[in-house]
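Structure, as structure tokens:
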Number of protein chains: 2
Amino acid sequence: MTVGAGPTITSEITWLLHRAAQHMHVVTGLQAEKHGLQLRDHIILSAIHKTPGLTQVELAKTVSLDKTTLMSQLDRLERNGLILRRPDPHDRRVRIPEMTAAGEDIRARVAADSRVAEQDALRSFSGTDIESFRRMLIGMIGDSADPGSCL
Amino acid sequence: MTVGAGPTITSEITWLLHRAAQHMHVVTGLQAEKHGLQLRDHIILSAIHKTPGLTQVELAKTVSLDKTTLMSQLDRLERNGLILRRPDPHDRRVRIPEMTAAGEDIRARVAADSRVAEQDALRSFSGTDIESFRRMLIGMIGDSADPGSCL
DNA sequence: CTCAGATGATCTGATCTCATACGATCAGGT
DNA sequence: ACCTGATCGTATGAGATCAGATCATCTGAG
């Protein structure tokens, strides 16, 4: 576990991963804030965009948030007119979070800016380096499924 | 931002980094719990081991925790006899967190187990792969300094 | 149809986090 | 010696988080 630039405290790779993930969160969070969103808002909107039709419980699991925590986030997004909860005609228990046109508009803009910011953070590495980097990340995750919540 | 195994939602690398870091937290957290510690406890003990003599404020910044949050953690570690707060004879404002023999003993055991667990998670990659992986992580972090708190 | 159990959304209460405030202490200038 | 401003540790209050309870609804067995 490295602090600053020193050698190992516990597990150097784990600590570096943590630092790098934190750094990228800050970077993409800044892009979201430029459009008046929090990083979490963008993560939620992105999940809805990627996999529409999920229930609130399924959405919570997808983004690794507690269901009650997700509720307050959805409340705020709904208040701001970025999503709405559509009742499912086939199951009156469920409310499907759905993006409004305004929500999709902001989501797309933040996504574009985030993509640029990410590529900027990786600009000093070659395409093959990035590809093997990606493969290693996937390999590390692959073993287990449950993410846990840290957002 | 990938969910599960699908393609990009916002920034694939950022999301993969997040997932990988989370996964490693779970893995090393399990090692800590085997010895009755929480992951955070181990991070704090590791920081004290790596850089002894820090004040509580400096320690909080080192491990990226709010100083008031760190206080309650130190309270618990002190109650359990793993650390003590030594008054600094040169500055009566300061209390230097210091490990007890029991604390150092547990810290060393968790560190050893965590190292094994980390190497196990990386077992399918070559040494040169891991080395370039490490270099890329450092390169990504390098640009900025401030970590922010997510522990 | 009816009942028992499962599931989705929401509420509640306990706990954790963190910005701020505060008292004690230090350092430096006058 | 006496201010002035900064820093350290701690206390406090507002807000976030999460486990568990609750209510409505669905599903499948009998």
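The distance between atom CG of A:D66 and atom P of C:dC16, rounded to the nearest whole Å, is 15 Å. A:M71 places its CE atom 10 Å from the P atom of C:dA9, with the value rounded to the nearest Å. In this structure, CG of B:L65 is placed 7 Å from P of C:dC18, rounded to the nearest angstrom. Between A:L59 atom CG and C:dT10 atom P there is a gap of 12 Å when expressed in whole angstrom units. Between the P atom of C:dG5 and the CZ atom of A:R93 lies a distance of 17 Å, rounded to the nearest Å. Atom CD in B:Q56 sits about 17 Å away from atom P in D:dT7, given to the nearest Å. At whole-Å resolution of the value, NZ in A:K61 and C1' in C:dA9 are 16 Å apart. As a whole-Å value, the separation of B:K67 NZ from D:dT12 P is 15 Å.
Ion pairing between A:E104 and A:R107 holds under the 4.0 Å rule for side-chain N and carboxylate O. Salt-bridge check for B:K61 with B:E58: failed, with every basic side-chain N at 4.0 Å or more from each acidic carboxylate O.
Annotation: the terminal axes of the helix from C:dC1-D:dG30 to C:dT30-D:dA1 meet at 10°, where each axis is the rotation carrying the C1' atoms of four end pairs onto the next four (5 pairs per end, rounded to 10°).
Proximity of a side-chain donor or acceptor of A:H42 to a complementary backbone N or O of A:L37 within less than 3.5 Å is not detected.
Between B:T69 and C:dT17 there is no side-chain polar atom (N or O) within less than 4.0 angstrom of OP1 or OP2. In this structure, A:R95 does not reach the D:dT25 phosphate: none of its side-chain N or O atoms is under 4.0 Å from OP1 or OP2.
Closest contact between the side chain of B:V57 and the listed nucleotides D:dC8, C:dA9, D:dT12 involves D:dC8. Here D:dT17 is the nucleotide among D:dT7, D:dT17, D:dC18 with the atom lying nearest to any side-chain atom of A:Q73. Out of D:dC26, D:dA21, C:dC18, the shortest distance to the side chain of B:T68 is found at C:dC18.
Not a single donor-acceptor pair, N or O on each side, falls under 3.5 Å between the base of D:dT25 and the side chain of A:R92.
Side-chain contact, A:Q73 with A:R76: a donor N or O sits under 3.5 Å from an acceptor N or O. Using a 3.5 Å distance cut-off with no hydrogens or angles, the side chains of B:T14 and A:E118 do pair a donor with an acceptor.
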Please list every donor-acceptor pair under 3.5 Å in which a side-chain atom of residues 77-84 of chain B meets a protein atom from a residue at least two apart or in another chain.
residue: B:E78; atom: OE1; partner: B:R85; partner atom: NH1; Å: 2.6
residue: B:E78; atom: OE2; partner: B:R85; partner atom: N; Å: 3.4

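Residues of residues 74-90 of chain A having a heavy atom closer than 4.0 Å to DNA chain C, listed by number: A:R85.
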